[in-house]
Amino acid sequence: MRGMNSVIESAIEPLLHSPLLPEIAETLQSRVREESVRRRKFYEELRDDQKAEFIDGHVVLHSPARDKHIAVRQNLERLLGTYVSLQELGKVRTDKCLCVFPRNDYEPDVVFFGPEKAAGLADDTMKFPVPDFVVEVLSESTEDRDRGVKFEDYESHGVAEYWIIDADAEVVEQYLRRGNRFSLALKSGSGEIASPTVPGFRIPIRALFHPADNLAALRQFMSG
């Protein structure tokens with residue numbers, strides 16, 4: 001929290017010396033109220049057949065994903081979900097899991113909730129907390145947000161680990177929290193990747209992209 005406060009203070013410091021501060025504050029309050037109204041409407045109009053997010057005060061509807069994108073997401077979900085279930089480490093969710101951040105609402109490709117947050121999830125939960133671990137599979141329409149506002153939001157609000165997967169290049173980037181910032185821990189298309197957020201979870205990177213490698217890794221989990 002102390003680190004967050006320093007970031008906020010740095011952001012508002014130039015405004016504190018402006019003669020327009022009262023007008024600026026009033027405008028910001030008005031914008032926040034308007035955005036709150038739009039966000040409530042977003043919640044009321046959510047549909048099961050849509051993938052939708054609320055970002056920077058606007059509803060973002062997503063087009064259908066390419067098969068390769070879906071396959072990579074399913075490959076990771078299969079491995080991570082199986083491992084987490086076997087080790088009883090928490091819960092893994094995907095696709096339509098609406099994660100509520102202070103300002104924005106996202107539906108990441110794959111998320112992991114550790115034991116503490118998982119314990120708070122119920123059968124009728126529709127608004128999920130900030131995940132401990134988030135994965136986004138890049139697409140042409142989402143890459144700017146995945147590397148931009150989402151990266152900043154995940155970094156600022158407690159996500160411990162963030163993977164960005166490029167399905168076309170078959171490369172994964174792993175960002176880990178160091179203090180109040182994400183640090184690039186790994187960027188590779190070969191070798192192994194291990195998650196400190198999910199204790200003991202280690203997989204060949206190829207298992208994210210290739211069915212045979214995915215099945216071999218899954219069998220190893222099941223036999224171990």
Side-chain angles (χ1 to χ4, degrees), residues 51 53 62-97 99 106-115 117-118 128 130-148 150-151 153-155 159-178 181-224:
K51 179 169 181 176
E53 299 179 310
H62 292 271
S63 58
R66 295 182 301 132
D67 184 67
K68 192 166 189 177
H69 180 118
I70 295 171
V72 170
R73 185 187 69 218
Q74 290 177 336
N75 286 342
L76 176 59
E77 180 193 3
R78 185 180 302 116
L79 293 174
L80 183 60
T82 298
Y83 180 82
V84 167
S85 294
L86 289 172
Q87 302 299 321
E88 299 181 345
L89 295 174
K91 294 184 178 180
V92 174
R93 295 292 183 263
T94 183
D95 202 17
K96 298 292 183 64
C97 177
C99 298
Y106 306 114
E107 290 188 341
D109 286 304
V110 180
V111 296
F112 164 76
F113 301 100
K117 292 180 180 178
F128 292 77
V130 173
D132 296 301
F133 173 27
V134 176
V135 180
E136 298 283 9
V137 182
L138 296 179
S139 66
E140 186 174 346
S141 63
T142 67
E143 182 168 5
D144 286 347
R145 287 190 294 271
D146 292 342
R147 296 189 181 278
K150 289 188 177 184
F151 189 102
D153 217 348
Y154 298 163
E155 180 182 57
V159 174
E161 183 171 356
Y162 181 31
W163 290 10
I164 297 176
I165 300 177
D166 187 329
D168 293 319
E170 297 191 353
V171 168
V172 58
E173 299 170 30
Q174 180 188 38
Y175 295 89
L176 301 177
R177 176 171 299 283
R178 309 294 188 198
R181 297 293 184 186
F182 279 149
S183 175
L184 180 62
L186 176 72
K187 181 177 181 180
S188 182
S190 62
E192 291 188 328
I193 185 169
S195 169
T197 311
V198 184
F201 183 70
R202 178 184 294 271
I203 58 171
I205 292 176
R206 284 179 55 87
L208 296 172
F209 308 107
H210 300 282
D213 295 280
N214 187 267
L215 183 58
L218 184 61
R219 284 173 172 163
Q220 187 172 1
F221 286 156
M222 298 298 291
S223 64

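Being a predicted model, the structure only gives us computed values, none of them experimental.
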Can you tell if the side chain of [X] reaches within under 4.5 Å of the side chain of [Y], non-hydrogen atoms only?
| X | Y | value |
| --- | --- | --- |
| Y106 | D153 | yes |
| F113 | C97 | yes |
| H210 | P204 | no |
| I203 | F221 | yes |
| R66 | S139 | no |

What verdict does the side-chain contact (heavy atoms from CB on, under 4.5 Å) test give for D109 and H69, after you've listed the backbone C-alpha separation in whole Å, the side-chain angles of each residue and the deciding distance to 0.1 Å? CA-CA 10 Å; D109 286 304; H69 180 118; 3.2 Å; yes

What distance separates [X] [atom1] from [Y] [atom2], expressed to the nearest 0.5 Å?
| X | Y | atom1 | atom2 | result |
| --- | --- | --- | --- | --- |
| I165 | D146 | CD1 | CG | 11.0 Å |
| E107 | E136 | CD | CD | 10.5 Å |
| I70 | E77 | CD1 | CD | 12.0 Å |
| E170 | I205 | CD | CD1 | 11.0 Å |
| Y162 | L184 | OH | CG | 12.5 Å |
| D168 | F209 | CG | CZ | 9.5 Å |

Could you tell me whether a side-chain N or O of [X] sits under 3.5 Å from a main-chain N or O of [Y], the two making a donor and an acceptor?
| X | Y | answer |
| --- | --- | --- |
| S223 | Q220 | yes |
| T142 | L138 | no |
| K117 | V130 | yes |
| R177 | V159 | yes |
| E173 | I164 | no |
| N75 | N214 | no |

Is the count of non-hydrogen atoms from other residues, nucleotides or ligands lying under 6.0 Å from K187 atom NZ greater than 12? no

Contacts of type side-chain hydrogen bond (donor to acceptor under 3.5 Å, both in side chains), residue E143, not counting sequence neighbours: R147

Taking every non-hydrogen atom, the tightest pair across [X] and [Y]:
| X | Y | result |
| --- | --- | --- |
| F112 | L89 | CZ-O, 3.6 Å |
| A160 | T197 | CB-OG1, 3.9 Å |
| D166 | A169 | OD1-N, 3.0 Å |
| R178 | S183 | CG-CB, 3.4 Å |
| Q174 | S195 | NE2-CA, 4.1 Å |
| V137 | A167 | CG1-CB, 4.2 Å |

Proximity of Y175 and Y154 rings by center, below 6.0 Å: no

Pair I193-W163, side-chain contact (heavy atoms from CB on, under 4.5 Å): steps then yes or no: CA-CA 10 Å; I193 185 169; W163 290 10; 3.5 Å; yes

